[in-house]
Amino acid sequence: MAEQENAAASKQVDEITQQVEDVILGEDGKPLSKKALKKLEKELEREKRKQERLAREAEERAARAASEVDISVGSYGKAKLNMSQERTGRKWTEVRDISEALEGQVVHVQARVQTSRATGSKMCFLVLREATATVQALLQVDSEAISKQMVKFASSIPSESIVEITATVVKPIEPVKSCSVGDAELRVAKLFVISDVVKLLPFSLEDASRSELEYQKDPTLVRVERSTRLDGRVFDLRTPANNAIFKIQAAVCQLFREYLIKEGATEIHSPKIISTASEGGSNVFEITYFKRFAYLAQSPQLYKQACIAGDFGKVFEIAPVFRAEDSNTPRHLTEYIGLDLECAFREHYHEVMDMIGDMFLYIFRNLEERWAHELQVVRRQYPSEPPKFGDKPLRLEFKDAVALLRNAGEEVGELDDLTTPLEKLLGELVRKEYGTDFYMVDKFPLGIRPFYTMPDPEDSNYSNSYDFFLRGQEIMSGAQRIHDPALLRERIKALDIDATPLEDYIRGFEYACPPHAGGGVGLERVVMFYLGLDNIRLTSLFPRDPSRVEP
Ligand code: ATP
Ligand code: MG
């Protein structure tokens, strides 16, 4: 019984304690008065009503937004992934072809968004770029077709995305100075992103497109280091100047081909995996070739001569050349494109030398005429004057070059090769004296030329060999080659070269071969010096040098 009484009492104590704990205490720790409690209740009520009102307003806003019709739906957005689902037959206009002449016409354009700039919420300016051409496009909110949402979408497109637009060509109030198309702009009606930028760009194309002059005017502008540009070469190729440089590179090949085909030459393709180092052993890349070794061709020399022995008359080749030289200079690559040629002649190697000289003039003149736009684009970023040259190429002899240099106070050995600084100085002296940036130096000392070079019949210290120079730097080496097997063997022996790997080559001459001469041109060097650029890496698509084999 007593236990039951105890339990009842303790329950009562618990209840009272609970009641005491339920009493609301004020800040001073004492129970609140009735009045204070009332005030608190009112405050709570007010807060509750405020929360309800905010929720209601948010709901109303959402409902309003949902009911506001976007009149541009279907005219903009991200396009479906192109999996070649259909051909609509639309006629596409290239940015470079847009002009005042198309005023009022509706055009379809695919281009990159170079920049997108909103002015307020009702207007957006886009600069669209296709290769080297740019045009301004405009979206403006109106009550019929262009919604605020569409303008907002346009202004949020990241630079370098590719879009597809339908637009009307209009005449701008003032010429658009910042675009290559200045006399027309586009009023956008439809705008779809067909390829998105999904990664941070390695640098800004604007920064990579500036000329030295702009940096001089404003030294605070961001510079992009050459190595950063080459690391991001895939992106770097998009700059207008780079686009144009490689158009010009292709043009040099096209004109080389054009000229030589007109001369009756045959284009050949010689092997690049070879068993003999064609120009001597030192600067050759060795490769493993199944269970033995082979080399990468340092030049097509032996093979183009074999074609002469094979009665092709005149041959040329445009192909890679590999040089394992640890040359870290502005004009050496470990892989470059060689423009090579070899021609049989009747009487004198000058027949070939003169033809090559005329060929270069043909290339230069046609570049200025037919690739004027590309040259202009390159010169905008890398200003230079076209090289100077006359109606006929200037021909100097090596002895004359030495005399010119000695007159200028340089110490030059009569039979020594010219160093790069001496070559450059010679270029300046020749320009002053003869007013040309393009010239040929003939009759090099025999001792500094390869074993297959024909000696000069009048002075055995010299040879029937030549280099061509553009703005004071070598673009081609060539010579009459020894087609007489006995003389060839004599030279090989005199130079202490192992004849064994050359037996196949010599055999071509033992079966009789016409006299012939030719040369090897470095494509990247021609483009570099023609454009007055300071580094060969600018004219090589994906340059290879001793420290770079990627990307
Ligand atoms: P250089 O003296 O400038 O090193 P080279 O006399 O050794 O050149 P050649 O064997 O005469 O070169 O090659 C013919 C042409 O090929 C040169 O006139 C040049 O235009 C080009 N060329 C040679 N080596 C390179 C290289 N490493 N990178 C780019 N072009 C080259
Ligand atoms: Mg040379």
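Whatever order the structure lists ligands and atoms in, that order sets their numbers, starting from 1. All values below were derived from every heavy atom in this structure, side-chain atoms included, with hydrogens, water molecules and symmetry-related copies excluded.
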Revision key, fill the gap. Residues 424-434 vs side chain to side chain donor-acceptor pair (under 3.5 Å), sequence neighbours excluded, gives Arg431-Asp437
Exercise for review: May I have all residue pairs that pass salt bridge (Lys or Arg N to Asp or Glu O under 4.0 Å) and include part of residues 439-451, sequence neighbours excluded?
Suggested key: Lys443-Asp456, Arg449-Asp467
Exercise for review: Evaluate the ring planes of Phe444 and Phe398, with Trp represented by its six-membered ring, and classify them as parallel (under 30°), tilted (30 to 60°) or perpendicular (over 60°).
Suggested key: tilted
Point to revise | Salt-bridge contact Asp218-Arg210 (side-chain N to carboxylate O under 4.0 Å) | key: no
Review point. If you round to the nearest 0.5 Å, how far is CD of Gln381 from CD1 of Ile245?
Key: 7.5 Å
Exercise for review: Considering the heavy atoms of Ser477, write down every atom of ligand 1 situated less than 4.0 Å from one of them.
Suggested key: 11 (O), 18 (O)
Study note, to complete from the structure: Here the side chain to side chain donor-acceptor pair (under 3.5 Å) pairs for residues 504-513, sequence neighbours left out, are Gln305-Tyr505, Arg489-Glu510, Asp504-Arg507
Exercise for review: Heavy-atom distances under 4.0 Å are what count here, so tell me which part of Arg525 touches ligand 1: side chain, backbone, both or neither.
Suggested key: side chain
Review point. Can an N or O of Ile536 be found at a distance shorter than 3.5 Å from an N or O of ligand 1?
Key: no
Exercise for review: Give, for atom CD of Glu342 and atom NZ of Lys314, the distance between the pair rounded to the nearest 0.5 Å.
Suggested key: 12.5 Å
Check your understanding: Is any N or O atom of Val521, backbone or side chain, closer than 3.5 Å to an N or O atom of ligand 1?
Key -> no
Check your understanding: Any idea which atoms of ligand 1 are less than 4.0 Å away from a heavy-atom of Ile475?
Key -> 18 (O), 20 (O)
Check your understanding: For ligand 1, which atoms have a heavy atom of Gly522 less than 4.0 angstrom away?
Key -> 15 (C), 16 (O), 19 (C), 20 (O), 21 (C)
Exercise for review: Give the C-alpha distance, both sets of side-chain angles, the deciding distance and a yes or no for salt bridge (charged side-chain N to carboxylate O under 4.0 Å, His left out) between Arg548 and Asp231.
Suggested key: CA-CA 9 Å; Arg548 180 179 289 279; Asp231 289 344; 3.0 Å; yes
**Study point:** Close-contact set for ligand 1 against Met476 heavy atoms, below 4.0 Å
**Key:** 18 (O)
Check your understanding: Counting only protein atoms, how many N/O/S atoms are less than 2.8 Å away from the Mg ion (ligand 2)?
Key -> 2
Review point. So, Phe235 versus Phe203, ring centres under 6.0 angstrom or not?
Key: yes
